[in-house]
Amino acid sequence: MNRLLSAVLAALFTSVVTVTSIAQDKPIAEVTGSYQFDHLTLSDNGASASSNVSRDWDGSGNVPILHWFGVVGDVGRVWKSESTLFSASGTTISASATGSLYTYGGGPQLTYRQSNVQPFARCLFGDAHSSGFASVNSIGGNFSVSSSTDSFFIAPGGGADFRITHNIWLRGGADYFRTNKYGATVNGIRAFGGITFTFGGTGASSDQQGRSQHSQPQRTTDAGMNIAPLGI
């Protein structure tokens, strides 16, 4: 009976150590700050217009649930401003317009964790808040108008993180962005690049950890415990 109890305790201890070591090879959380460049196309009633938007930023956080699976949250903003001067009836008129797009989303992320390069794929869902402001200024007076709207967006994509130090990574990637409301569709490609900070974890895959452990010299000892039911 004592031998059987010893065997059960040994198996339980081995399972706990194994689960703990697997959990340690993924970070507790990942936080990324990025710059993004967008090429967006607006389509409405058969007409379309495209624009490159270079004023943008993006922030995201990923919480790994499993070694390869996590839940990511993301927030970003893109905006563009245009202004012009023209003359009409001897009067100089200035006009300007600014459009911005905020995105608040989240979704699943799959990460292939390695020591120096970690490719990932994700799909974001959430709210796209777009707003616009235009103004016309002249000697005769000033005129301005603004509007805003919210719509559902989807953005599947992916990229890779490249290790710089133990917990600092260089990130690059892209996704396909699409939103639609009242018959107007905005879609395009968003390319992003930035820095990822990881918290906790060893930063290496379980296979690599296993190889590292096997490469260490094995120590022998004269003392031990005999567990007959397991043949150990």
Side-chain angles (χ1 to χ4, degrees), residues 26-44 48-66 68-82 96-113 118-134 144-161 167-200:
K26 66 178 180 62
I28 299 174
E30 300 170 323
V31 178
T32 304
S34 301
Y35 164 81
Q36 58 170 322
F37 177 86
D38 292 28
H39 178 77
L40 301 177
T41 300
L42 171 64
S43 303
D44 187 13
S48 63
S50 299
S51 178
N52 293 326
V53 186
S54 58
R55 294 182 179 180
D56 354 61
W57 54 265
D58 184 83
S60 65
N62 178 44
V63 179
I65 306 301
L66 302 175
W68 52 272
F69 174 80
V71 177
V72 61
D74 183 272
V75 58
R77 183 196 180 195
V78 298
W79 73 97
K80 188 172 185 177
S81 298
E82 296 286 351
S96 63
T98 301
S100 64
L101 176 67
Y102 282 94
T103 55
Y104 310 89
Q109 176 170 309
L110 308 180
T111 305
Y112 180 63
R113 301 195 180 278
Q118 295 189 354
F120 66 89
R122 68 184 189 182
C123 189
L124 302 177
F125 309 88
D127 176 70
H129 177 79
S130 58
S131 61
F133 175 81
S144 64
V145 62
S146 63
S147 65
S148 64
T149 185
D150 290 89
S151 60
F152 176 80
F153 82 88
I154 181 173
D161 291 323
N167 62 341
I168 300 179
W169 301 71
L170 180 65
R171 169 165 293 192
D175 57 31
Y176 171 75
F177 177 85
R178 180 179 177 86
T179 182
N180 180 282
K181 192 170 186 179
Y182 302 135
T185 301
V186 176
N187 59 69
I189 301 296
R190 307 191 304 181
F192 52 86
I195 300 295
T196 297
F197 299 89
T198 62
F199 301 91

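As the structure is a prediction and not an experimental result, all values here were calculated from the model. Numbers for residues simply follow the sequence, beginning at 1.
To the nearest 0.5 Å, the span separating CG on Asp161 from CD1 on Ile168 amounts to 12.5 Å. Once rounded to the nearest 0.5 Å, the distance linking CG of Asn167 with CZ of Phe197 reads 8.0 Å. In this structure, CH2 in Trp68 is found 11.5 Å from CZ in Arg113, a value given to the nearest 0.5 Å. Note that OG1 of Thr41 and CZ of Arg178 are 11.0 Å apart. Values are rounded to the nearest 0.5 Å. The structure places OG1 of Thr179 at 8.5 Å from CG of Asp127, a figure rounded to the nearest 0.5 Å. Atoms OG1 and NE2, on Thr149 and His129 in that order, are 8.5 Å from each other to the nearest 0.5 Å.
Every residue two or more places apart in sequence or in another chain that forms a side chain to side chain donor-acceptor pair (under 3.5 Å) with Ser100 is listed here: Ser131. Take Asp175 and apply the salt bridge (Lys or Arg N to Asp or Glu O under 4.0 Å) test, not counting sequence neighbours, and it matches Arg122, Arg190. Partners of Ser146 according to the side chain to side chain contact (heavy atoms under 4.5 Å, CB included) rule, which considers only residues two or more places apart in sequence or in another chain, are Phe133. Leu42 meets the side chain to side chain contact (heavy atoms under 4.5 Å, CB included) test with Ala184, Val186; sequence neighbours excluded. In this structure Phe153 satisfies the ring pair (Phe, Tyr, Trp, His ring centres under 6.0 Å) test together with Phe177, sequence neighbours excluded. For Ser147, the side chain to side chain contact (heavy atoms under 4.5 Å, CB included) test picks out no residue, with sequence neighbours left out.
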Side chain to side chain donor-acceptor pair (under 3.5 Å) between Gln109 and Thr111, intermediate numbers included:
CA-CA 6 Å; Gln109 176 170 309; Thr111 305; 3.3 Å; yes
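Annotation: side chain of Phe37 is not in contact with side chain of Val53 (no heavy-atom distance under 4.5 Å).
Tyr182 OH: 12 or fewer foreign heavy atoms inside a 6.0 Å radius. Counting heavy atoms of neighbouring residues, nucleotides and ligands inside a 6.0 Å radius, atom OH of Tyr176 exceeds 12 of them.
Listed for the Lys181 side chain is a donor-acceptor partner under 3.5 Å among the backbone atoms of Asp150.
Nearest heavy atoms, Gly158 versus Phe192: O-CZ, 4.0 Å.
Both the sub-6.0 Å distance and the 45° axial angle are not jointly satisfied by Arg171 relative to the ring of Trp169.
Ring-plane geometry between Phe152 and Phe125 is classed as parallel, the angle between the planes falling under 30 degrees on a 0 to 90 degree scale with a further cut at 60.
When only modelled atom types and interatomic distance are considered, Thr185 and Asn180 share a side-chain donor-acceptor pair under 3.5 Å.
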